[in-house]
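All residue numbers refer to positions in the sequence shown, counting from 1. If you're wondering where the values come from, they're calculated on a predicted model, not measured in any experiment. Side chains are part of it too, since the values below use all heavy atoms of this structure and drop only hydrogens, waters and symmetry mates.
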Amino acid sequence: MPLYAYRCGADGPVDVMRPMGAAPAVVPCPTCGADAAKMITAPRLALADRGKVAAIDRAEASRTEPAVVSAPPPRPVGPSRPLDPRTAALPRP
Ligand SMILES: [Zn+2]
């Protein structure tokens with residue numbers, strides 16, 4: 001739930017939590033009861049989860065700057081799957 005900033009003319013800033021998009025233009029000041037007007041503030045991105053922000057940045061960068069691959073990924077190490085007996089008669093490269 002986002003935190004909206006309001007300002008009372010007498011008491012200063014007032015923070016109010018409301019559902020997204022449900023913040024009115026004016027709320028009553030909790031101290032004096034006068035109208036506190038909504039302020040336009042910068043998003044508080046510093047409070048976001050760093051891992052999620054990094055993932056979003058990587059996803060957005062991959063749109064215009066995809067990672068360049070110079071070789072196929074290495075083959076997995078370990079026992080290989082047994083061949084399907086139905087394909088054993090097919091020619092091998
Ligand atoms: Zn006030």
Side-chain angles (χ1 to χ4, degrees):
M1 197 177 304
L3 187 66
Y4 292 95
Y6 292 82
R7 179 173 292 279
C8 172
D11 301 314
V14 177
D15 291 334
V16 177
M17 291 192 90
R18 291 286 167 92
M20 184 74 73
V26 174
V27 297
C29 173
T31 306
C32 67
D35 286 346
K38 188 175 173 185
M39 296 191 305
I40 297 175
T41 58
R44 297 182 183 180
L45 297 179
L47 302 177
D49 180 14
R50 294 284 177 204
K52 290 180 182 175
V53 171
I56 291 170
D57 288 345
R58 278 194 306 273
E60 289 185 1
S62 69
R63 291 184 194 163
T64 57
E65 303 165 14
V68 177
V69 178
S70 60
R75 290 178 174 245
V77 178
S80 62
R81 286 179 34 196
L83 289 177
D84 187 337
R86 294 173 296 182
T87 62
L90 295 176
R92 299 285 167 217

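Contact detail for V14 and P30: the closest heavy-atom pair is CG1-CD, 3.7 Å. Among all heavy-atom pairs drawn from Y6 and M39, the shortest one is O-CE, 4.0 Å. Residues R7 and P13 approach most closely at NH1-CD, 3.8 Å, considering heavy atoms. Closest heavy-atom contact between P24 and V27: CG-CG1, 3.7 Å. For the pair P2 and P19, the tightest heavy-atom approach, listed with the atom from each and the gap, is CD-C, 4.2 Å.
Around CE of M17, the count of heavy atoms belonging to other residues, nucleotides or ligands within 6.0 Å exceeds 12.
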